[in-house]
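The structure appears below as structure tokens.
The figures that follow rest on heavy atoms only: side chains count, while hydrogens, waters and symmetry mates do not. No experiment lies behind these values; they were computed from the predicted model shown.
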Amino acid sequence: MPEEKKKKIVFLVGPTGIGKSAVAIILAKKINAEIVSCDSIAVYRKMDIIASKATPGQRKKIKHHLLDVVSPAQEYNVAKYRKGALAICDKLFLKGKVPLFVGGSGLYYSIIIDGLFPHVPQDKSIRAKLNRQLETKGSKYLYKRLTKIDPAAAKKIHPNDARRIIRALEVYLKTGKQISMLQKNRSGLGKEHELNVFGLNLKRPALYRRVDARVNQMFRLGLINEVKRLLKHKLSKTAACAIGINELNGYFNGLYPQDEAKRLIQRNSRHYAKRQLTWFRKDKRIQWIDINKADSPAQVSLKIWKKLFL
RNA sequence: GCCGAGAUAGCUCAGUGGUAGAGCGCGGCCCUGAAAAGGCCGGCGUGGGGGGUCCGAUUCCCUCUCUCGGCA
């Protein structure tokens, strides 16, 4: 039975602030796993509080991968993530360990499970040119070009979505191939492995209360100083989009008081959580675990464990 | 107690004799090399209670309740 030989991979996803990390550590011990972070911000060093990374104490209990792998000055993206994550999976399989992916970055998750179409990395000069055209002629102009070059891609992309229009044009200009064709060619771990995907969720008001509370906690832990330190150096544009950077920068520049910065961070985090839920909701592979306030991380991880082995 | 202002969406408020909008908030969605990013869609409403005028009232009139100012 080849089915039996498939290697097991476990995913734990869900919106920010739901308590994935604590559950993951307990679960990892039970199933002989190591944790692979699936978080686009936690990859950055020196962004500990802002990314709510696992603490040194937690990392001592269970090994965490893909935390602190790049400096905040470096750009990071899905392709780098995928490369790193696949390498770690291989290592873990050799050790007989189960990879336990934990995080809320939906695209990163899907790139691991379903794959990424073959390498067409970004091209700085093509992008610069397209961005200039975006400024002078607007996204509608670029969209029209895309309509001619790759109608299928254009159909999927909204005329205002400049970022995706540019990427589609970039791929074509660089390879002469349509992104809509290339995108059909993807293969991820889902094909060769036994996937077990769990999602944590809470009723919306309770989730939002948790998100707000976690932002308060981040302030207590020293978010302001952490961001102040980060802003002393040049941040890559991918690191700079972490929620909290921009909001606090406005406060540092005297645009509004500190409370307003906090309010904005809380609001943007709630919006983010909502978008994450939209992303994950449509993935039918996810087995949802509804947690209520009373559930401890241990209870939640037990529920997952039961689903894994019963 | 008297005088004045107000009571409309979750919040702050606009407007109109033909059953209502704005901003923020909130909800839904899209997503393949920036993804904690970027983009799209949606008004979510017993217009404070009751009565009157009118073909028709959220809009005009009366009254009650409440809120906020001012005077006592």
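Computed from coordinates, the A/F280 CZ to B/rA35 P distance equals 14 Å when rounded to whole Å. The CD1-P distance, from A/I157 to B/rC41, rounds to 16 Å in whole Å. Atom CZ in A/R164 sits about 8 Å away from atom C1' in B/rA35, given to the nearest Å. Nucleotide B/rG39 holds its P atom 11 Å from the CG atom of A/L134, rounded to whole Å. Between the P atom of B/rA37 and the CD1 atom of A/I243 lies a distance of 5 Å, rounded to the nearest Å. Atom CZ in A/R281 sits about 10 Å away from atom P in B/rG27, given to the nearest Å. Separating the CZ atom of A/R267 from the P atom of B/rG23 is a distance of 14 Å, rounded to the nearest angstrom.
Look at the P atom in both B/rG21 and B/rU16: the space between them is 14 Å, to the nearest Å. Distance noted for atom C1' between B/rG56 and B/rC24: 35 Å (whole Å).
Nearest-nucleotide mapping onto RNA chain B: of A/R263 and A/P118, the residue sitting toward the 5' end is A/R263. Nearest-nucleotide mapping onto RNA chain B: of A/A239 and A/D161, the residue sitting toward the 5' end is A/A239.
B/rU65: Watson-Crick or G-U partner is B/rA7, with both key distances under 3.5 Å. A 3.5 Å limit on both hydrogen-bonding distances identifies no Watson-Crick or G-U partner for B/rU46. Figure legend. B/rG1 is base-paired to B/rC71; pairs are counted as Watson-Crick or G-U wobble with both atom distances under 3.5 Å. Look at B/rU32: it lacks any Watson-Crick or wobble partner with both distances under 3.5 angstrom.
One N or O donor and one acceptor, one from the side chain of A/K274 and one from the base of B/rG28, sit under 3.5 Å apart.
Set against B/rC30, B/rG33, B/rG38, the side chain of A/R163 has B/rG38 as its closest nucleotide. Taking every side-chain heavy atom of A/T238 into account, B/rA35 is the closest of B/rG33, B/rA35, B/rG25. Closest to the A/Y272 side chain, of the nucleotides B/rA37, B/rG33, B/rG25, is B/rA37.
No hydrogens or angles considered: a donor-acceptor pair under 3.5 Å links the side chains of A/Q276 and A/Y272.
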task: Could you walk me through whether A/Q133 and A/R145 pass side-chain hydrogen bond (donor to acceptor under 3.5 Å, both in side chains), step by step?
output: CA-CA 11 Å; A/Q133 292 183 350; A/R145 271 185 80 184; 3.0 Å; yes
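In this structure, A/R285 contributes its side chain and A/V197 its backbone to no donor-acceptor pair below 3.5 Å.
The six-membered or imidazole ring of A/F93 lies near that of A/H193, with a centre-to-centre distance under 6.0 Å.
Between A/D68 and A/R59, the closest heavy-atom pair is OD2-NH1, 2.9 Å.
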